[in-house]
*Asks:* 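Below you will find the structure I want to go over with you.
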Amino acid sequence: MSGINYSDKIPNNVNLVSDRTLQRALEHWQPHFLQWWHEMGPSDFEASDVYLRTAVSVDAQGWAQYGAVKMPDYRWGIFLADPVQDRKIGFGDQMGQPVWQQIPGEYRSTLRRLIVTQGDTEPASVEQQRLLGHTCPSLYDLRNLFQVNVEEGRHLWAMVYLLHAHFGRDGREEAEELLARHSGDADKPRILTTFNEPVTDWLSFFCFTYFTDRDGKYQLKSLAESAFDPLSRTCRFMLTEEAHHMFVGETGLGRVVKRTLEVMKEIGSDDPARIRAAGAIDLPTLQKYLNFWCSSSLDLFGSEISSNSAANFAHGLKGRPDESQYEDHVLRDKNMKLRMPEGVQDVPMLNALNEIMRESYLKDCEIGLKRWNRAIERAGHAFRLTLPAPQFRRSIGAWAGLPVDPTGNLIDKKIFENQLADWIPSEADKAFVRSLMRKVIEPGKMASWVAPPERGINNLPVEYEYVKLH
Ligand code: BYC
């Protein structure tokens, strides 16, 4: 395990103290980050004591410590997973050669673009969730929101470290730009579409952490395979924190389903209007939110056929998640069949890597749905939650802008437009969901639309005062 010097302004296990120039550059960026947090981070909770976990090492046995922290005092640090001795490139045309500690000049701009794109999503998500604290369904949930927020802040630090340490002046400029673009800003939006969508209610937050953070898992896993070893090590450690974010989404949506089933039992009806009147979210409305966030997150994998992804793989910059599970790591003479709007096409596998990732992502997304559907089935209801087809409501790639229904059928444009409000949240659905969003801050109490969690944080009871509001 690498040691961490806590007397440093910036906790780290990269021996920052030995590189004065880098340390100074990061110390210069730090107040800009704090200012951004103040202006764009969770609004109005800066004085609250939040029961947070803080990364303190990269030791699998005990990498975090828990305690009450005011968010602006959170110790955002730089942690890289321990190096793997004699690590070799695991895929692409340079497979088997030693990994790089410095970036080869010819890959500099591509790697910078990948790191900036990854880095851009982290503060974007904090901005998207800025106002949610005001409508928290419980103190437990409020704490989880803030936990996710501070860790996304740390993930921004992780990417900014790479930019400062390996990209000189360009990297420093990119680090500033990461704080200058803002989610949903008309002039300077965030890079990827999903990160400009507003997340103004907690149902969307749970969908976001279920679907969008899971894209994070897949992208980080593929960057963890990179031949650029510092990027690989950074992403490996980020994945440790990412697991909790998806837990928040999966258990959050599971608790929504549980509460809805309880209400259906209490009122003896599956009529959406009556369920809504009883203060819960009917399953067809939940389905619409799943359709929206799943389809939006599918765009984050890029186009079905992509020369970028082929080059990134061939050059060893970005692999497939869990690359070692595959037999062929070069993919020079493999093809695969892809469903395209014109019909099924045979395409070089190297160019279809975004689609391969998207398919494994969707399989991972199915796991939660199976669990929720089992609960619905046990409660004796015929309704089943489903994932939309990957071609539905796409804005990126071959299916972008095409009228495809949630089961994947290309349909008439007029019919699509008329029916869209049946498939994704309509203004009326959003207004209803917003009407449920009322702040519940009595320890242990939950809003009407969500069941309590099965357990609290870090072995504490659900009734624990996870956020002390001042
Ligand atoms: N929106 O060949 P293409 C996370 C652009 S989430 C807007 O189709 P490629 C997190 C693309 O940039 C994980 N633009 O795709 C979650 C390219 O533009 P340039 C974030 C898009 O390049 C929750 C052009 O279209 N990490 O961590 O193979 C909370 C053609 O690109 C979009 C990463 O994304 C889009 N959806 O793959 C907090 C990893 N899709 O370059 C955090 C780094 C594509 O021609 N990024 N474009 O100007 C990448 O690996 C790739 O950039 C992408 C796209 C997978 C995003």
Side-chain angles (χ1 to χ4, degrees), residues 109-130 132 145 147-159 162-163 174 178 181 183 189-197 199 204-226 228 231-232 234-235 238-239 241-249 293-315 317-321 347 350-358 361 390 393-400:
S109 69
T110 312
L111 267 172
R112 191 182 70 204
R113 179 83 182 145
L114 286 173
I115 291 168
V116 165
T117 306
Q118 176 64 50
D120 192 69
T121 63
E122 317 289 1
S125 68
V126 176
E127 294 168 354
Q128 284 171 293
Q129 297 159 16
R130 171 171 168 73
L132 283 177
L145 167 71
Q147 183 68 62
V148 169
N149 291 163
V150 290
E151 285 176 349
E152 301 302 8
R154 204 200 68 72
H155 291 182
L156 169 61
W157 270 94
M159 292 302 121
L162 292 176
L163 289 170
E174 293 282 16
L178 284 170
R181 283 184 293 271
S183 178
R190 291 297 176 180
I191 297 171
L192 299 175
T193 37
T194 312
F195 294 90
N196 290 302
E197 298 284 2
V199 180
S204 297
F205 173 63
F206 290 149
C207 289
F208 184 93
T209 40
Y210 188 77
F211 289 110
T212 313
D213 277 273
R214 195 173 308 275
D215 169 56
K217 167 181 164 184
Y218 275 74
Q219 299 296 342
L220 289 174
K221 268 176 173 277
S222 65
L223 294 174
E225 301 288 340
S226 182
F228 178 41
L231 174 61
S232 160
T234 305
C235 291
M238 288 161 77
L239 280 161
E241 289 159 319
E242 199 65 37
H244 172 71
H245 307 182
M246 282 173 296
F247 164 90
V248 169
W293 286 102
C294 183
S295 54
S296 178
S297 302
L298 286 171
D299 272 341
L300 295 171
F301 290 88
S303 306
E304 286 72 9
I305 300 178
S306 162
S307 54
N308 286 353
S309 77
N312 290 345
F313 187 88
H315 297 153
L317 308 182
K318 184 179 171 189
R320 288 165 292 186
V347 295
L350 262 186
N351 292 68
L353 290 171
N354 288 344
E355 194 55 22
I356 291 178
M357 264 172 80
R358 191 164 17 238
Y361 164 83
R393 213 182 70 92
R394 292 288 303 282
S395 307
I396 298 282
W399 297 91

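Order of listing sets the numbers, starting from 1, for every ligand and every atom in it.
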*Asks:* Got a protein heavy atom sitting under 4.0 Å from atom 11 (C) of ligand 1?
*Replies:* no
*Asks:* Does atom 49 (C) of ligand 1 have any protein heavy atom closer than 4.0 Å?
*Replies:* yes
*Asks:* Would you check whether Phe208 reaches within less than 4.0 Å of ligand 1, judged by its heavy atoms?
*Replies:* yes
*Asks:* Counting heavy atoms only, which part of Thr117 comes closer than 4.0 Å to ligand 1: side chain, backbone, both or neither?
*Replies:* side chain
*Asks:* In the complex you have, is atom 41 (O) of ligand 1 within reach of the protein, judged by whether a heavy-atom distance drops under 4.0 Å?
*Replies:* yes
*Asks:* Measuring from the heavy atoms of Ile191, does anything fall under 4.0 Å of ligand 1?
*Replies:* yes
*Asks:* Name the closest protein heavy atom to atom 27 (O) of ligand 1, giving the residue it belongs to and the distance to 0.1 Å.
*Replies:* Gln118 NE2, 2.8 Å
*Asks:* Specify side chain, backbone, both or neither for Ile396, according to which of its non-hydrogen atoms lie closer than 4.0 Å to ligand 1.
*Replies:* side chain
*Asks:* Give the C-alpha distance, both sets of side-chain angles, the deciding distance and a yes or no for side-chain contact (heavy atoms from CB on, under 4.5 Å) between Ile356 and Leu353.
*Replies:* CA-CA 5 Å; Ile356 291 178; Leu353 290 171; 4.0 Å; yes
*Asks:* Between Glu152 and ligand 1, which residue portion shows a heavy-atom distance shorter than 4.0 Å: side chain, backbone, both, or neither?
*Replies:* side chain
*Asks:* Could you walk me through whether Arg154 and Glu241 pass salt bridge (Lys or Arg N to Asp or Glu O under 4.0 Å), step by step?
*Replies:* CA-CA 10 Å; Arg154 204 200 68 72; Glu241 289 159 319; 2.8 Å; yes
*Asks:* Do any non-hydrogen protein atoms sit less than 4.0 Å from atom 24 (C) of ligand 1?
*Replies:* no
*Asks:* Can you tell me if Glu304 and Asn354 form a side-chain donor-acceptor pair at under 3.5 Å?
*Replies:* no
*Asks:* Please examine the side chains of Glu197 and Trp293, heavy atoms only from C-beta on, and report whether any two atoms are closer than 4.5 Å.
*Replies:* yes
*Asks:* Show me which atoms of ligand 1 lie under 4.0 Å from any heavy atom of Ser309.
*Replies:* 28 (O)
*Asks:* So which heavy atom in the protein is nearest atom 43 (C) of ligand 1, and how far is it from that ligand atom?
*Replies:* Leu114 O, 3.7 Å
*Asks:* Give yes or no for whether the N/O distance cutoff of 3.5 Å, strictly under, is met between Asn308 and ligand 1.
*Replies:* yes
*Asks:* Any atoms of ligand 1 less than 4.0 Å from a non-hydrogen atom of Lys318? List them with their elements.
*Replies:* 49 (C), 50 (O), 55 (C)
*Asks:* If we check side chain to side chain donor-acceptor pair (under 3.5 Å) with Ser296, which of these qualifies: Thr194, Thr212, Asp215?
*Replies:* Thr194
*Asks:* Report the relative orientation of the aromatic rings in Phe301 and Tyr361; use parallel for angles under 30°, tilted for 30 to 60°, perpendicular for over 60°.
*Replies:* tilted
*Asks:* State whether the side chain of Ser226 and the backbone N or O of Leu231 hold a donor-acceptor pair below 3.5 Å, judged by distance alone.
*Replies:* no
*Asks:* Could you tell me whether the side chain of Val116 reaches within less than 4.5 Å of the side chain of Arg181, counting heavy atoms only?
*Replies:* yes
*Asks:* Which one of Asn196, Thr117, Asp120 satisfies the side chain to side chain donor-acceptor pair (under 3.5 Å) criterion with Arg190?
*Replies:* Asp120
*Asks:* Considering only the protein, which heavy-atom contact is closest to atom 1 (N) of ligand 1, and what is its distance?
*Replies:* Thr193 N, 3.1 Å
*Asks:* State, with a plain yes or no, whether a side-chain heavy atom of Glu152 is found less than 4.5 Å away from one of Gln128.
*Replies:* no
*Asks:* Would you mind running through ligand 1 and noting each atom that sits below 4.0 Å from a heavy atom of Ser125?
*Replies:* 29 (C), 38 (C)
*Asks:* Where's the contact between Asn354 and ligand 1, heavy-atom distance under 4.0 Å: side chain, backbone, both or neither?
*Replies:* side chain
*Asks:* Using a strict 4.0 Å cut-off to heavy atoms of Arg113, name the atoms of ligand 1 that fall inside it.
*Replies:* 41 (O), 48 (O)
*Asks:* Measure from atom 14 (N) of ligand 1 to every heavy atom in Asp299, Thr212, Leu192 and give the option owning the shortest one.
*Replies:* Leu192
*Asks:* Before accepting this row, confirm whether a basic side-chain N of the pair Arg112/Glu174 lies closer than 4.0 Å to the acidic partner's carboxylate O.
*Replies:* yes
*Asks:* Given that the side chain starts at C-beta and the backbone is N, CA, C, O, which of these parts of Phe195 lies under 4.0 Å from ligand 1, counting heavy atoms, or is it both or neither?
*Replies:* side chain
*Asks:* Think Arg214 forms a cation-pi with Tyr210, using NZ or CZ under 6.0 Å from the six-ring centre and within 45 degrees of its axis?
*Replies:* yes
*Asks:* What protein heavy atom sits nearest atom 55 (C) of ligand 1, and how far off is it?
*Replies:* Leu300 O, 3.5 Å
*Asks:* Quick one: which ligand 1 atoms are inside 4.0 Å of a heavy atom on Asp215?
*Replies:* 6 (S), 13 (C)
*Asks:* Are Glu242 and Leu220 packed together at the side-chain level, in the sense that at least one heavy-atom pair is separated by less than 4.5 angstrom?
*Replies:* yes
*Asks:* Any atoms of ligand 1 less than 4.0 Å from a non-hydrogen atom of Ser303? List them with their elements.
*Replies:* 3 (P), 8 (O), 15 (O)
*Asks:* Could you tell me whether the side chains of His245 and Glu151 share a donor-acceptor contact shorter than 3.5 Å?
*Replies:* yes
*Asks:* Kindly identify the option in Ser306, Gly216, Gly302 whose heavy atom sits closest to atom 28 (O) of ligand 1.
*Replies:* Ser306
